[in-house]
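See structure below.
Naming: A, B, ... by sequence-line order, numbering from 1 per chain. For clarity, every value in this text was computed on a predicted model and none was experimentally measured.
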Amino acid sequence: MSLEDELLKQRWERIREIESLGFHAYGRKYDFTHTVPQILNEYSAKTAEELSPDFKVRVSGRVKTFRSKGKAGFAHLSQNGEQLQIYVRSDAVCPSDFRLFQILDIGDVIGAEGYLFRTRTGELTVHVEHLEFLAKTLFSMPEKWHGLEDIEMRYRQRYLDLIANPESRKVFVVRSRIIASLRRQLEERGFIEVETPMMQPLYGGATARPFVTHHNTLDIDLYLRIAPELYLKRLVVGGLDRVYEINRNFRNEGLSTQHNPEFTMLEFYQAYTDYRGLMDLSADLLRQVALDATGSTEVGYEGAKLDFSAPRRFTMRQAVVEFWKGDNRPTLDNVRDPEWLKEHSHKSSPGEALTEIFENTVEEQLIQPTIIYDYPVETSPLSKAKPDDPEFVERFEIYAAGMEIANAYTELNDPQEQRRRFEMQIAMHEKGDEEAHQMDEDYIRALCYGMPPAGGEGVGIDRLTMILTNSRSIRDVILFPLLRPEGEIGIAGRLRALES
RNA sequence: GGGCCGGUAGCUCAGGCGGUAGAGCAUUUGCCUUUUAAGCAAAGGGUCGCGGGUUCGAGUCCCGCCCGGCUCACCA
């Protein structure tokens, strides 16, 4: 028998002993008086003299450490990422409770009732008078010192990662705080949260390849959305002047440290403003979210200090000049010149060429939070053109740590112009651009009823979380990132074997 | 999809040029009533990712495959 099966069998047999002592191996509920963090918050400052044996507490948690010293022993209970020590001695509990304590495994979930005291070394500890058993672990826990290091196991069995690695738990707590901060800030400004279709008959609002699924009763193919944009703007037409949605988008593309096929976007739309208004709003949102998530507007990421107090601002053309590497730094006139652009890119149109040059030379250098604005019209089919320069649109993206984290623009609200833009995209599609936008007549129809001028923005929550938690990979900020299925696990057969 | 790196006990990791597979934690047994990476003594535990090949002999060398990481391409 393998060691793993021996351990399983031992613990399976231990369940009988737990039950023979009068406990349930898998309990129903536990009326705790405090959580572990509450105990630590409220009593850590108290001296030994201030703690009374008459004051009883009931706490529960998972056994993280266990040190038996014969007729007494210590364990740490872990709950909500914090640990509290318990002390059990044979003359302070009934015999069945003490026996239960002796056969505890690291990883079991228990409840402990007793009074708080300080040990000789000064650690706040529960002097246990009664134990309750709440859940048995059949497998041994990851090693106590190193935690769970195996990256694949951390992703596939995230619960083990969360149990064993407090830093990992913290990432997801901060992620939750980031989302809460954004929600709060938007609600304060009069935005309302909505939910729009994830399954769409036409996909749009971004350039990406979609996932396809099928609805049986209607017998139609549907696309998992690549963006909620066109639905949110229909709502702006409908008079929801300030709307936002925080939800998943799905893009059928490669995986990397910055891309997961499903990822979370905040998109928000504000009527009667333009991209300038959104730049100011974005700067405010980012400063506050950094503060709420990390306690500071200065955030450490991969050795750099990112300053979220006020992002820098460059036009795309300025940025190409400013961040040019090597010789022959171009002038602003150069980057306006179609000939110069053609010489430095193999894209056919000046706008696509400028974008390509920007992406290849500038993007990776944008470590400090930076707003890049004024994008070529070719790459922005849904943005409003600049009145004095119709080849460019009123659009900006926010970069930080070399990643794009937000994308915003003054929304195109002229249906006739939108029709022309879609037709331009269809032409690009016919020239081989598979990701060019589709014609969406239902959306154009909505615009025909009149959409107020508006600014709209999308913020990549996963990437923002990476930056604010100093995480190198997007998989470290997504609880269950997409992985190849691992194949046969075999646990059902092993459990069946135990019973027979 | 390409390149590079990795997969050894439940976990964390060693295994020089091919020669009986190791440590720590965890587990089991014994001792121990304020310990804390508790301690002391003993014991058990391996499909070396999977499948071929070379060899007297493969964890080690060769080929194929699986899974993962990084990176490039693509993208947000």
Reckon [X] has a side-chain N or O less than 4.0 Å from the OP1 or OP2 of [N]?
X: A:T125; N: B:rU34; value: no
X: A:K69; N: B:rG39; value: no
X: A:R484; N: B:rC67; value: yes
X: A:R472; N: B:rC70; value: no
X: A:R11; N: B:rA26; value: no
X: A:R120; N: B:rU35; value: yes
X: A:T207; N: B:rA76; value: yes
X: A:R156; N: B:rG68; value: yes

Would you say the base of [N] and the side-chain of [X] have a donor-acceptor pair closer than 3.5 Å?
X: A:Q85; N: B:rU35; answer: yes
X: A:R67; N: B:rU35; answer: yes
X: A:D105; N: B:rU27; answer: no
X: A:T119; N: B:rU35; answer: yes

What interatomic distance, in whole Å, is found between [atom1] of [M] and the corresponding atom of [N]?
N: B:rC74; M: B:rC13; atom1: C1'; result: 37 Å
N: B:rG44; M: B:rU60; atom1: C1'; result: 27 Å
N: B:rA9; M: B:rC5; atom1: C1'; result: 24 Å
N: B:rU8; M: B:rA14; atom1: C1'; result: 10 Å
N: B:rG18; M: B:rC63; atom1: P; result: 15 Å
N: B:rA21; M: B:rC31; atom1: C1'; result: 32 Å
N: B:rC11; M: B:rC48; atom1: P; result: 15 Å
N: B:rU33; M: B:rG39; atom1: C1'; result: 15 Å

From the options [options], select the nucleotide whose nearest atom is closest to the side chain of [X].
X: A:L148; options: B:rC32, B:rA37, B:rC11; value: B:rC11
X: A:E435; options: B:rU35, B:rU12, B:rC74; value: B:rC74
X: A:T257; options: B:rU27, B:rA38, B:rC70; value: B:rC70
X: A:E123; options: B:rU35, B:rU27, B:rU33; value: B:rU35
X: A:R14; options: B:rC11, B:rU28, B:rU33; value: B:rU28
X: A:F74; options: B:rU34, B:rU71, B:rU33; value: B:rU34
X: A:E404; options: B:rA76, B:rG68, B:rU27; value: B:rA76
X: A:P142; options: B:rU12, B:rU35, B:rC11; value: B:rC11
X: A:S140; options: B:rU33, B:rG10, B:rC70; value: B:rG10

Less than 4.0 angstrom from a charged side-chain N to a carboxylate O is my criterion; do [X] and [Y] meet it?
X: A:D274; Y: A:K384; result: no
X: A:R395; Y: A:D374; result: no
X: A:E152; Y: A:R154; result: no
X: A:K325; Y: A:E364; result: yes

Grab the [atom1]-[atom2] distance between [X] and [N] for me, whole Å please.
X: A:E143; N: B:rA23; atom1: CD; atom2: P; value: 15 Å
X: A:R158; N: B:rG68; atom1: CZ; atom2: P; value: 15 Å
X: A:E364; N: B:rU71; atom1: CD; atom2: C1'; value: 14 Å
X: A:Q102; N: B:rU35; atom1: CD; atom2: P; value: 19 Å
X: A:L138; N: B:rU27; atom1: CG; atom2: C1'; value: 15 Å
X: A:Q10; N: B:rU27; atom1: CD; atom2: P; value: 9 Å
X: A:E253; N: B:rG1; atom1: CD; atom2: P; value: 16 Å
X: A:I163; N: B:rC11; atom1: CD1; atom2: C1'; value: 13 Å

Scan [X] against the nucleic acid and name what it touches under 4.0 Å (heavy atoms): base, sugar-phosphate only, or nothing.
X: A:Y155; value: sugar-phosphate
X: A:G147; value: sugar-phosphate
X: A:M153; value: sugar-phosphate

Determine which nucleotide pairs with [N], using a 3.5 Å limit on both distances of a Watson-Crick or G-U wobble pair.
N: B:rA9; value: none
N: B:rU34; value: none
N: B:rG46; value: none
N: B:rG1; value: B:rC72

### Nearest heavy atoms of A:A72 and A:F101, plus distance in Å
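Closest approach of A:A72 to A:F101: C-CE2, 4.5 Å.
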
### Query
Could you give the distance from CG (A:L182) to CD (A:E193), rounded to the nearest 0.5 Å?
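Reported value, rounded in 0.5 Å steps: 11.0 Å.
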
### Task
First locate atom CD1 of A:I478, then atom OG1 of A:T264, and finally report the distance between them rounded to the nearest 0.5 Å.
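The distance works out to 6.5 Å.
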
### Query
Just by distance, with hydrogens left out, do A:Q85 and A:R67 show a side-chain donor and acceptor under 3.5 Å apart?
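Yes - a donor-acceptor pair under 3.5 Å links their side chains.
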
### Task
Say whether A:E149 and A:H146, considering side chains only, have a donor N or O and an acceptor N or O under 3.5 Å apart.
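No - no donor-acceptor pair under 3.5 Å links their side chains.
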
### Message
Quick check on A:R99: does its CZ atom have over 12 non-hydrogen neighbours (other residues, nucleotides or ligands) under 6.0 Å away?
### Response
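Yes, the 6.0 Å shell around CZ holds more than 12 heavy atoms from other groups.
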
### Task
Identify whether a stacking contact exists between A:F263 and B:rA76, where the ring centres must be under 5.5 Å apart and the planes under 30° apart.
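Check passed, A:F263 stacks on base of B:rA76.
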
### Query
When syn is taken as a glycosidic angle within 90 degrees of 0, is B:rC17 syn or anti?
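Classified syn.
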
#### Entry: Residue mapping more 5' on RNA chain B - nearest nucleotide basis, A:L482 or A:I474
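Result: A:L482.
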
### Task
Would you mind telling me which residue lines up with the more 5' stretch of RNA chain B, A:R463 or A:N360, judged by nearest nucleotide?
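Closest to the 5' end, via its nearest nucleotide, is A:N360.
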
